[in-house]
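The structure appears below as structure tokens.
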Amino acid sequence: MPLPDHASAAARTVIAAAAPDGRPSGIPAAPAASAPDGRFGGGQAPAVAAPPPDYLARLNSEQREAVETVDGPLLVLAGAGTGKTRVLTTRFAHILMMRRAFPNQVLAVTFTNKAAREMRERVAAILGHPAEGLWLGTFHALCARMLRRHAEYVGLTNSFTILDTDDQMRLLKQVMDAAGVDQKRWPAQGLMAIIQRWKDRGLTPARVTPQEDSDYANNRARSLYEAYQSRLKDLNTADFGDLLLHTTEILRTQPNVLAQYHRAFRYILVDEYQDTNTVQYLWLRLLAQEHKNICCVGDDDQSIYSWRGAEVENILRFEKDFPGARIVRLESNYRSTKPILAAAAGLIAKNEGRLGKTLRAGRNDADGERVKVVSLWDSEEEARMVGDAIEAAHREKFRLSEMAILVRAGFQTRAFEERLIVLGVPYKVVGGLKFYERAEIRDAMAYMRILHQPSDDLAFERIVNTPRRGIGDGALQQMHIVARDQSIPLAVAADKLAQTDAFRPKPRSALRELFEGFNRWRATMAKEGHVVAVATMLDECGYTEMWKQDKSAEAPGRLENLKELVRAIGEFETLAGFLDHVALVTENDEKSEADRVSLMTLHAAKGLEFDLVFLPGWEEGLFPHQRALDEGGTKSLEEERRLAYVGITRGRKRVVISHAANRRIYANWSAAIPSRFLDELPEDAVEREGSSSMQRQRMASAPSVFSNGPLTAARKPRVIEAGAWEVQERPARKDAMTVGTRVFHQKFGYGRVTRVDDDRLDVDFEKTGSKRVLDRFVERAQ
DNA sequence: ACCGGGCCTACACTT
DNA sequence: TAGGCCCGGT
């Protein structure tokens with residue numbers, strides 16, 4: 001389903017006019033009211049005759065306006081939980097029901113595969129039958145599909161492969177090596193970021209002006225970018241950014257191709273418009289400029305991808321680019337209780353430069369619990385609190401699958417995982433370690449890529465000595481030299497060298513065997529299909545044997561994964577289709593019915609909703625993230641705040657926010673100041689409390705031996721000054737600390753104050769160095 | 001060719 | 001703490 005290429009005959013006929021593969025051209029005529037039936041209703045009575053269809057009756061007036069304004073540019077500003085997806089899918093179905101277009105004449109773009117799948121299902125539900133041949137997918141998937149048909153315009157063939165992040169980095173490092181760049185001084189990651197930003201803005205190397213060249217590696221970023229692109233072309237590959245960059249470049253420079261798509265797409269629908277970057281925006285504008293039937297749905301308050309090049313300004317530009325555009329605001333929230341909405345609204349109100357939307361509670365039963373803000377001693381206690389609250393809620397009424405822990409950064413999930421394992425609570429980490437990123441899967445994929453395209457040098461390099469064939473750096477270098485001199489793929493060079501006496505006997509015969517194998521497996525693929533071919537290949541090349549011999553604990557699991565991989569291939573008609581799928585799909589998209597608690601980042605949570613949401617780690621430096629504080633001033637701080645807004649608005653019934661006073665970073669503990677966002681929540685929407693151990697500590701005046709088992713207690717003295725945990729009303733300070741005051745902190749010991757900023761102190765601790773702490777957590781030392 | 005020890009850096013977010 | 005990378009020994 002995910003992929004395009006073999007999607008449907010209907011889709012093909014639209015586009016194939018000048019397709020390199022020589023498929024017949026043909027643009028279907030616009031369906032008239034008397035269009036042949038069977039197309040839409042499967043022979044049933046024409047839906048157009050029945051006013052008002054019940055799918056419209058279920059909408060409120062704002063939503064209905066957004067659905068029924070079919071022609072001309074339309075911008076839908078949709079707050080969180082206001083039925084954005086419903087509007088989009090209903091609109092899609094409405095266009096089809098009104099017979100304004102065939103299914104394949106609507107272009108619908110989403111950011112995630114999950115959103116695409118959901119839209120596809122819901123459109124089918126309204127239509128009453130599956131919609132075939134849709135141009136519905138992520139920007140990247142749609143671009144890949146388009147690029148396959150016009151690849152020759154950018155120097156690729158239609159069998160180009162899509163590189164993953166790992167391969168991108170390896171290739172870039174090779175390019176940098178060749179250019180003699182010192183990668184100690186100029187890390188490849190930095191250059192990759194620069195290149196990606198250029199691609200986000202639709203800049204091919206030729207379009208990067210010398211003034212825009214970054215000072216990276218003495219103004220060499222641009223020329224390195226050029227070399228990198230040229231290597232990609234040599235290898236007949238495209239990286240992620242290229243999918244959009246190349247496609248947009250073709251639309252920009254090939255009027256005949258653009259005209260084809262103008263004829264093909266009468267209506268364009270865009271989801272999550274606030275997250276589009278410049279190149280995506282250009283792509284959309286080019287495709288929409290003919291009919292101008294473009295509908296963009298977005299929420300400036302949920303724009304959280306500026307680091308990926310997203311431009312909220314695209315929303316503001318919409319009216320300029322499409323004069324006379326209608327704007328519809330969706331403001332009735334049907335998802336969350338009043339206190340949750342109030343908390344979210346109060347927080348986001350601190351941002352400036354918003355388009356201005358207010359969320360209204362759309363439900364009658366929307367009264368509910370206040371948002372809970374819990375203060376805890378350290379991150380371990382925070383994990384315990386969340387675990388206990390999950391168990392309690394489960395006993396109460398909530399299903400595990402209706403609970404989620406949403407964190408700022410990926411590594412934070414670990415503490416909660418460990419806790420949930422102890423408690424025996426089933427959970428899943430969404431977007432955590434990805435199946436397709438595991439070593440054994442990537443190895444197997446590399447074998448498949450070579451099977452599909454022998455010129456895939458990166459894949460060949462990966463597996464040439466896996467399993468061990470006695471090929472080391474020396475042999476590899478010889479191959480590279482031959483390949484470069486004769487301008488042939490690495491695998492071909494290796495094949496040639498294996499016919500000579502260039503290598504020692506062992507690697508020579510191993511290589512010969514490998515190439516004979518590839519020939520044989522290709523024949524198998526032609527005769528018996530790609531599933532058999534891959535299974536045979538993995539066995540005969542010695543790869544599965546390698547893991548069978550491996551005595552490590554993970555080996556059996558890896559073999560299981562390989563079986564699963566072969567099974568997954570079977571779901572695709574061709575190996576090429578599968579390879580595209582893997583390149584474009586992420587684990588995030590996977591759905592599972594099991595009753596499990598979800599753990600994920602706030603970014604991954606966008607678009608999802610849960611009855612009960614935990615938002616831990618609201619501490620300065622973590623959330624808002626330190627890098628946001630360091631670099632971008634108010635702009636990136638506001639993005640952090642939007643992220644907080646996204647988090648709160650995920651919850652339907654209950655939201656629990658927490659922060660810990662001490663957190664382990666790398667090896668050691670450091671003090672953490674509660675996030676400023678906590679102070680920004682409106683008081684009447686929240687309920688603040690310390691944990692129970694906090695209460696105990698407040699009363700205790702001596703170290704508690706029993707607080708948490710002997711070891712923990714010994715390591716972490718748990719006594720703190722009375723009142724220290726009252727986050728809500730700050731107790732008056734007995735005696736203000738001044739620079740030079742010698743202080744004692746329960747966790748960091750003795751130190752001297754070096755700076756005072758209201759209630760925040762910089763203290764140079766004798767044992768752990770300089771830290772910033774709240775004055776409530778230290779006491780004056782004698 | 002391959003293994004293992006020591007050093008360094010990193011823990012943003014993702015199609 | 002942990003994973004990646006460089007280097008030296010076998």
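Letters A, B, ... mirror the listed sequences (proteins, then strands); counts begin at 1.
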All salt bridge (charged side-chain N to carboxylate O under 4.0 Å, His left out) counterparts of A/D300, not counting sequence neighbours
A/K357
Ring pair (Phe, Tyr, Trp, His ring centres under 6.0 Å) partners of A/Y645, counting only residues at least two apart
none
Is the closest basic N to carboxylate O distance between A/D242 and A/K199 below 4.0 Å?
yes
Whole angstrom value for the distance that separates P of B/dA1 from CG of A/D473
7 Å
Interatomic distance where CG belongs to A/L602 and P belongs to B/dT14 [whole Å]:
10 Å
note: A/K114, atom NZ; B/dT15, atom P; distance rounded to Å ~ 12 Å
Return whichever of A/H140 or A/G470 has its heavy-atom-nearest nucleotide of DNA chain B closer to the 5' end.
A/G470
What is the nucleic acid contact for A/K173, judged by heavy atoms within less than 4.0 Å: base, sugar-phosphate only, or nothing?
sugar-phosphate
Between B/dT15 and A/N277, is there an OP1 or OP2 to side-chain N/O distance shorter than 4.0 Å?
no
In whole Å, what is the span from the CG atom of A/L244 to the C1' atom of B/dT15?
9 Å
5′-ward residue of the pair A/T165/A/N465 relative to DNA chain B:
A/N465
Value in whole Å for how far the P atom of B/dT14 lies from CZ of A/R197:
18 Å
Does the A/Q183 side chain pair with the main chain of A/K173, one donor and one acceptor, at a distance under 3.5 Å?
yes
What is the distance from CE of A/M176 to P of C/dC5, rounded to the nearest Å?
13 Å
For A/F111, check ring pair (Phe, Tyr, Trp, His ring centres under 6.0 Å) against everything at least two apart and list the hits.
A/F139
Go along nucleotides 7-13 of chain B 5' to 3' and tag each nucleotide: B for a protein heavy atom under 4.0 Å from its base, S when only backbone or sugar atoms are that close, - otherwise.
---BBBB
Specify the separation, in whole Å, of atom CD of A/E272 and atom P of B/dT14.
14 Å
Do A/R442 and A/D166 sit within salt-bridge range, that is, some charged N less than 4.0 Å from a carboxylate O?
yes
With sequence neighbours excluded, residues passing side-chain contact (heavy atoms from CB on, under 4.5 Å) with A/L476:
A/E461, A/V464, A/M479, A/H480
Provide, to the nearest angstrom, the distance between the NZ atom belonging to A/K199 and the C1' atom belonging to B/dT14.
16 Å
Any protein N or O atoms within reach of nucleotides 8-10 of chain C? Criterion: under 3.5 Å, listing atom names and distances.
none

Would you tell me if any nitrogen or oxygen in the side chain of A/R308 comes within less than 4.0 Å of OP1 or OP2 on B/dT15?
no
Rounding to the closest angstrom, what is the interatomic distance between B/dC13 and C/dG4 at atom P?
16 Å
Just do the side chain to side chain donor-acceptor pair (under 3.5 Å) check on A/T466 and A/D443 with the steps written out, would you?
CA-CA 8 Å; A/T466 310; A/D443 288 340; 5.3 Å; no
Any salt bridge between A/E380 and A/R419, counting N to O under 4.0 Å?
no
